[in-house]
Amino acid sequence: MIEAKILEQTGEALRKLYGHELAPGSIGLERTKKEITGDFTIVVFSLLKISRKSPEATATEIGTFLQQNMPEIADFNVIKGFLNLVLNDQFWLKFMMKNAFQPDFGFYKTRQERPVVLEYSSPNTNKPLHLGHIRNNLLGYSLAAILKANGHKVIKVNLVNDRGIHICKSMLAYMKWGNHETPVSTGIKGDHLIGKYYVLFDKKYKSEIHGLIEKGLTEEEAERQAPLIMEAQELLQKWEAKDHETIALWKQMNGWAYEGFDLTYQRLGVDFDHIYYESETYLLGKKLVMEGLENGTLTKKEDGSIWADLKNEGLDEKLLLRADGTSVYMTQDIGTAQLRYDDYHPSSMIYVVGNEQNYHFDVLKKVLARLGKEYGSHINHLSYGMVELPQGRMKSREGTVVDADDLMDEMFRTAEETTRELGKANELSTSDAGNLFKTIGLGALKYFILKVDPKKNMMFDPGESIDFNGNTGPFIQYTYARIQSLLAKADAAGFLWKDAKISTHIALLPLEKETIKRLYQFQETVAQAGEEVSPAIVANYVYDLAKVFNQFYQELPVLKEEENEKLLLRLMITYFVGETIRKSMALLGIQVPARM
RNA sequence: GGUUCCGUAGCUCAGUUGGAUAGAGCAACAGCCUUCUAAGCUGUGGGUCGCGCGUUCGAAUCGCGCCGGGAUCACCA
């Protein structure tokens, strides 16, 4: 890349001009600001100690040296301490002709044999997916694509929370009040049916607590002694004891949940290489905990419960096994980590999990270290922010949960309405139109969520629909569709732009150059998104690319350009932009339509 | 209370890891379709980067202290 060469030559300049060696990393190189002439800028302030001259003189001397020693540099200018370098058009043209037709432009070769295990989604089988899960799923899917583009082998895994006290709650409610309903008999999607019983449990449980408090118990006592919660706990013990009827019901209800999840995943366009179930990992977790107890790294309390004492490491005590022998979330996560490590011997394990669980992962890593598991230090928690509503976070009790299936339905509907209003669905067959609405609706939703820095909380207002204009998915998709239309017309007109040999000596107009520069930045965007594990970087990039191309498209004729070489050049730029949009959007898990 | 994250235009978000006059979109207003798709393009207005000190050639960015908000500190997951 040209940046490395500039830095190297700048180091050379410092050596020749001032007799000083400097590590290349300590020179500040950045892109030149939009309003100023130039492509790259060296900030010379930090070099003044070496040159012992004014900023202007230093910048001018280095600029002169670079211009003499680098054929790519056509010119330079100095403003205060900023050395702005202008690359010649030949450099940009060569770059484009070399890469425009390379399918893997911007992607990196395999660099690590051991895979990365990436966990995302991780639903509970007691309720359907909601907006929070959507953010999780989109982040996970996109990150997998970005890591692959960076040359990593990625194993996408899902960890299903299919056991535990919460599952027993919906099972118990179903046993008591279910009347043998099924998804078929009710016409309710399986995961939603189970969610109904989870909510019902909560409602009945609350009213029991309320009754007990009126009888004079404290809230804490009431919560612990309510008959329903005690029954749920008994059910959990029966489950861990593999009681036949309990297991049968559990299998049946989980099956319903899986059918529902599969449908939602399919609509959302996410997938997994391996699905782990807590019910398959918690026993291994228990075993590891017992080993820890034997070798003295864990402690047992009088009631028989087992704990990790992490007070010396700045954390608290953490329960790992209850007195009745049943396991908790942490127990199974220990087992899951071990199983995953045994299965894949990964170079690292990434968990896409909300930032509300930061503490959990601190504890997990410390407990694994306690147990002597070195892979614990390669656990990477991608901690993402919550999706907030105008009234705060989603609460199932207050009915403010935004359901994943409902939201997608709404997006498809809005996409259809908007498309029909614009009269763009008229010439399409019914099935093509249906696919287009899905592509656009999902594109809007996915881009809306992924353009925000994963680490930050984000706001979603269900009251106002997601935009289709401006900095949105459909804007980028539309840009792509226009490009395809233009290219189809070029082919129909018989322009042989794909094999065209264009002179590298023609002069570029500002908008032509700006567009090629954006394409050049795709490589570093992919790398940066991988380093920072952030799809938002790709999203912001592809928006900028589309925006600049739209200016290009608006201001410059392509097919109507009179000079043949210019016409071919512009077609080539157009194609390259289309491909880069498509690839960027694919990194986000967003499809692009050939027309819209 | 301890730990931790956050605070940028009316709203939603960027800001290249300390650089030049802080940027987009939405919303508002004014223009551009007999010419490659107007889900587009152009322009106008809109800012004490929460507040205050400090570090230095230079701070939205780093440090300290306040103010405000979120998360977490479960025998829930």
Side-chain angles (χ1 to χ4, degrees), chain A residues 28-36 41 43 45-46 48 55 79-82 84 122 124 126 161 164-167 169 224 233 278 303 305 307 314-316 318-324 326-330 332-333 353-360 362 383 385-386 388 392-393 415 418-419 421-422 424 440 444 448 451-453 455-461 464 467-479 481-490 493 521 524-525 528 532 536-537 539-540 543-544 546-547 550-551 553-561 570-571 574 595-596:
Chain A
L29 179 71
E30 49 198 72
R31 294 204 279 268
T32 306
K33 288 189 63 162
K34 200 169 56 189
E35 314 79 44
I36 292 165
T41 295
V43 186
F45 291 108
S46 60
L48 302 183
I79 304 173
K80 290 191 270 183
F82 299 92
N84 303 306
S122 316
N124 296 332
N126 65 339
N161 276 290
I165 190 73
H166 55 297
I167 309 294
K169 288 177 182 176
R224 207 171 300 163
Q233 276 158 0
E278 259 196 45
D303 68 355
S305 55
W307 298 73
L315 301 176
D316 210 338
K318 183 70 191 177
L319 176 88
L320 297 177
L321 277 180
R322 296 190 185 98
D324 67 4
T326 58
S327 56
V328 293
Y329 179 44
M330 187 61 73
Q332 74 75 25
D333 237 10
V353 176
N355 61 15
E356 58 201 348
Q357 293 192 32
N358 287 351
Y359 182 73
H360 171 78
D362 287 347
S383 161
M386 346 198 46
E388 290 175 334
R393 65 185 300 191
T418 310
T419 307
E421 272 172 29
L422 292 167
K424 302 210 175 197
I440 297 171
F448 177 82
K451 76 172 176 179
V452 181
D453 182 346
K455 292 194 290 286
K456 291 190 178 175
N457 288 358
M458 62 174 292
M459 174 67 70
F460 175 81
D461 187 348
E464 43 184 273
D467 259 307
F468 284 44
N469 299 321
N471 187 356
T472 68
F475 167 86
I476 297 160
Q477 291 173 321
Y478 178 67
T479 307
R482 291 214 290 197
I483 286 172
Q484 299 319 303
S485 167
L486 191 53
L487 294 175
K489 284 191 173 156
Q521 289 159 14
E524 61 202 63
T525 301
Q528 198 194 346
E532 299 185 23
I537 289 167
N540 287 314
Y543 170 65
D544 188 50
K547 200 171 142 63
N550 275 324
Q551 291 171 30
Y553 180 90
Q554 186 81 20
E555 301 293 331
L556 304 175
V558 178
L559 298 177
K560 299 203 164 57
E561 167 60 39
R570 287 183 193 156
L571 275 173
T574 301
R595 55 185 296 186
M596 71 183 270

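Being a predicted model, the structure only gives us computed values, none of them experimental. Order of the sequence lines fixes the chain letters, A, B, ..., with proteins taken first and strands second; residue numbering starts at 1 for each chain.
A:K34 comes within 4.0 angstrom of the backbone, heavy atoms only, and of no base. In this structure, A:N550 reaches the sugar-phosphate backbone alone: every heavy-atom distance under 4.0 Å involves primed, P, OP1 or OP2 atoms, never a base. As judged by a 4.0 angstrom heavy-atom cut-off over every strand, A:I537 is placed among residues making no nucleic acid contact.
Remark: A:E421 pairs with no residue by the salt bridge (Lys or Arg N to Asp or Glu O under 4.0 Å) rule, at least two apart or across chains. By the side chain to side chain contact (heavy atoms under 4.5 Å, CB included) test, A:V353 is found to be paired with A:E119, A:Y351, A:Q357, A:F361, A:H381, residues two or more places apart in sequence or in another chain being considered. Partners of A:N469 by side chain to side chain contact (heavy atoms under 4.5 Å, CB included), not counting sequence neighbours: none found. The side chain to side chain contact (heavy atoms under 4.5 Å, CB included) check on A:R224 picks up A:E220, with sequence neighbours excluded. Residues forming a salt bridge (Lys or Arg N to Asp or Glu O under 4.0 Å) with A:E524 (at least two apart in sequence, or on another chain): A:R31. Residues passing the side chain to side chain contact (heavy atoms under 4.5 Å, CB included) test with A:R482, sequence neighbours excluded: A:Y478, A:N550, A:Y553. Annotation: salt bridge (Lys or Arg N to Asp or Glu O under 4.0 Å) contacts of A:E555 (sequence neighbours excluded): none. With sequence neighbours left out, A:K33 forms a salt bridge (Lys or Arg N to Asp or Glu O under 4.0 Å) with A:E35.
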Scan nucleotides 56-61 of chain B against the protein and return all N/O pairs shorter than 3.5 Å with their distances rounded to 0.1 Å.
none

Polar atom pairs (N or O), protein with nucleotides 26-36 of chain B, under 3.5 Å:
unit_1: B:U35; atom_1: O2'; unit_2: A:K560; atom_2: NZ; d: 2.6
unit_1: B:C36; atom_1: O3'; unit_2: A:K489; atom_2: NZ; d: 3.0
unit_1: B:C36; atom_1: O2; unit_2: A:L559; atom_2: N; d: 3.1
unit_1: B:C36; atom_1: N3; unit_2: A:V558; atom_2: N; d: 3.1
unit_1: B:C36; atom_1: N4; unit_2: A:Y553; atom_2: O; d: 2.5
unit_1: B:C36; atom_1: N4; unit_2: A:L556; atom_2: O; d: 2.4

For nucleotides 75-77 of chain B, tabulate all protein N/O to nucleotide N/O atom pairs closer than 3.5 Å, reporting atom names and distance.
unit_1: B:C75; atom_1: N4; unit_2: A:D303; atom_2: OD2; d: 2.8
unit_1: B:C76; atom_1: OP2; unit_2: A:R322; atom_2: NE; d: 2.8
unit_1: B:C76; atom_1: OP2; unit_2: A:R322; atom_2: NH2; d: 2.1
unit_1: B:A77; atom_1: OP2; unit_2: A:Y329; atom_2: N; d: 3.3
unit_1: B:A77; atom_1: O3'; unit_2: A:N161; atom_2: OD1; d: 2.4
unit_1: B:A77; atom_1: O3'; unit_2: A:E278; atom_2: OE2; d: 3.1
unit_1: B:A77; atom_1: O2'; unit_2: A:N124; atom_2: OD1; d: 3.1

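Rounding to whole angstrom units, CG of residue A:D453 and P of B:C13 are separated by 11 Å. Atom P of nucleotide B:U21 and atom CD1 of A:I79 are separated by 11 Å, given to the nearest angstrom.
When each of A:M596 and A:K547 is assigned the nucleotide of RNA chain B with its nearest heavy atom, A:K547 is the one assigned upstream, toward the 5' end.
Annotation: B:U17 and B:C76 have their P atoms spaced 47 Å apart (nearest Å).
Between A:R31 and B:A20, a side-chain N or O to OP1/OP2 separation shorter than 4.0 Å is absent. Within the structure, every side-chain polar atom (N or O) of A:K33 is placed at least 4.0 Å from both OP1 and OP2 of B:G19. Dashed line: the shortest gap from a side-chain N or O of A:K80 to OP1 or OP2 of B:U21 is under 4.0 Å.
Paired regions of RNA chain B, where each region holds three or more successive Watson-Crick or G-U pairs whose two hydrogen-bonding distances fall under 3.5 Å, are B:1-7 with B:67-73, B:10-13 with B:23-26, B:28-32 with B:40-44, B:50-54 with B:62-66.
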